[in-house]
Amino acid sequence: MTQTLKHKKVGLALGGGGAKGLVHIGIIKALENAGISIDYIAGTSMGALVGGVYAATKDITTLESMVSEIKRDDVFPLLELLKRKDGSFFRGQTLTERLRKQLGDIKVQDCLIPFTAIATDEGSGEETRINKGDLVDAIRASIALPIIFAPVEFEGKMLVDGGLSNPVPANVVKEIGADYIIAVDVSSRQLIPNDSVKEIKDFYSILDRTISVIEYQLAKKNLLKNSDIVLRPPVFSYDWLNFSKAPELIKIGEEEVELSLRKIRQGTGYKKPDQTFAEKFIDFILNKPS
């Protein structure tokens, strides 16, 4: 039976978090499987990478394959570290080459889903919204964490990681046209006092914890004011270099949507597809989300 109800325009606001941001892929997969269309995407850092690739291709399978092949050395290659002389550790060239191979020279404004990447103006500290120009450059700017990666020159500005100005851009996706905003925040659960304290082993662990604190503080008011639902996948035990854990993280994202699917359907107007009486009865007995 064809669905005739009017749906709200769904916007997805995807936060940063390094490898923890791979949960975004699971979020998108679960929404797709539930028949819920994504009409707008805004992303910061890893959220810009996942969101940008999906917005350009609407191909979650290829995206999943691509990120599953990313390794720590693709993000932090030793040869780049040895060559840097500008105060940063890495240039991000290896990751850029992977993105370029996948996306070519596609422009942000030509994405199949309207997309905005969030970066931060290195000079002023202000949020910069990238909704036009080269998509790969936009993603690179959004993930350019200071000290770790060199800033990216983009349309006359030197840009760094968007997490420093807008970690989970719920307000952005709302302003570009979404009626129902699903925000994905991987920082907040890192700070729940009752959780076991993550062991700090090295520089990267300290940086991971510091970034989580900054993003949590910056994001909380924005999320409260501009989101219809905030998904906070339980990724406390992962750090931002756990790219080898991609399958686990993607699965966590899928499960997080399942837990909130009833609320998302109610808020967006997307109803569960027609079922047989037996299927309805089983769902009722198992109290599965609809």
Side-chain angles (χ1 to χ4, degrees), residues 10-70 75 113 115 117 139 142-143 163 167-170 173 178 180-192 195 208 211-212 215-216 219 223 227-265 267-268 270 288-289:
V10 177
L12 204 54
L14 305 177
K20 290 178 286 189
L22 298 178
V23 298
H24 299 323
I25 297 172
I27 300 286
I28 294 170
K29 280 184 69 177
L31 291 173
E32 269 197 357
N33 290 337
I36 298 171
S37 296
I38 300 167
D39 301 291
Y40 301 93
I41 302 175
T44 293
S45 200
M46 182 56 74
L49 192 157
V50 172
V53 175
Y54 182 71
T57 64
K58 294 188 74 172
D59 184 349
I60 195 65
T61 303
T62 299
L63 173 58
E64 185 173 5
S65 297
M66 184 189 82
V67 301
S68 295
E69 294 173 358
I70 294 176
V75 184
I113 299 172
F115 171 70
I139 292 171
S142 187
I143 66 175
V168 188
V173 79
Y180 186 90
I181 291 83
I182 301 171
V184 186
D185 176 21
V186 300
S187 68
S188 296
R189 283 203 179 175
Q190 312 309 306
L191 304 171
I192 296 175
D195 280 339
D208 178 20
I211 293 168
S212 291
E215 290 184 344
Y216 171 73
L223 294 179
S227 303
D228 293 285
I229 186 170
V230 181
L231 303 181
R232 294 187 171 96
V235 290
F236 181 82
S237 61
Y238 299 87
D239 66 43
W240 63 298
L241 293 177
N242 277 152
F243 290 97
S244 63
K245 303 292 186 180
E248 294 175 29
L249 289 159
I250 291 169
K251 184 64 176 176
I252 289 171
E254 292 180 77
E255 292 171 348
E256 190 68 19
V257 170
E258 289 296 324
L259 292 173
S260 301
L261 190 53
R262 182 184 297 274
K263 181 176 180 180
I264 293 171
R265 288 193 185 281
T268 60
Y270 279 95
K288 294 174 69 176

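Keep in mind the model is a prediction, meaning the values are calculated, not measured. Starting from 1, each residue takes its place in the sequence as its number.
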Locate the shortest heavy-atom distance separating [X] from [Y]; write the atom from each residue and the value.
X    : Y    : answer
V50  : G21  : CG2-O, 4.1 Å
P234 : E256 : CD-OE1, 3.5 Å
V173 : G11  : CG2-CA, 3.6 Å
R265 : A34  : NH2-O, 3.1 Å
I250 : L22  : CG1-O, 3.6 Å
P169 : G43  : CG-N, 3.9 Å

Counting C-beta onward and ignoring hydrogens, is there a side-chain heavy-atom pair between [X] and [Y] closer than 4.5 Å?
X    : Y   : result
T57  : T62 : no
M66  : V53 : yes
I182 : I38 : no

Nearest 0.5 Å, please: how far is [atom2] in [Y] from [atom1] in [X]?
X    : Y    : atom1 : atom2 : value
I27  : E32  : CD1   : CD    : 13.0 Å
I264 : D228 : CD1   : CG    : 10.5 Å
I25  : L63  : CD1   : CG    : 4.0 Å
S37  : D39  : OG    : CG    : 6.0 Å
I41  : L14  : CD1   : CG    : 6.5 Å
E254 : I252 : CD    : CD1   : 10.5 Å

Full working for side chain to side chain contact (heavy atoms under 4.5 Å, CB included) between S260 and L231: CA-CA 8 Å; S260 301; L231 303 181; 3.6 Å; yes
Evaluation steps, side chain to side chain contact (heavy atoms under 4.5 Å, CB included), between V186 and R232: CA-CA 6 Å; V186 300; R232 294 187 171 96; over 6 Å; no
Side-chain donor or acceptor of T268 paired with backbone N/O of Y270 under 3.5 Å: yes
S142 side chain vs S45 backbone, donor-acceptor pair below 3.5 Å: yes
Worked verdict on V168 versus V184 for side chain to side chain contact (heavy atoms under 4.5 Å, CB included): CA-CA 7 Å; V168 188; V184 186; 5.8 Å; no
Pair Y54, E64: side-chain N/O donor-acceptor within cut-off below 3.5 Å: no
Working for side chain to side chain contact (heavy atoms under 4.5 Å, CB included), residues I229 and K263: CA-CA 8 Å; I229 186 170; K263 181 176 180 180; 3.8 Å; yes
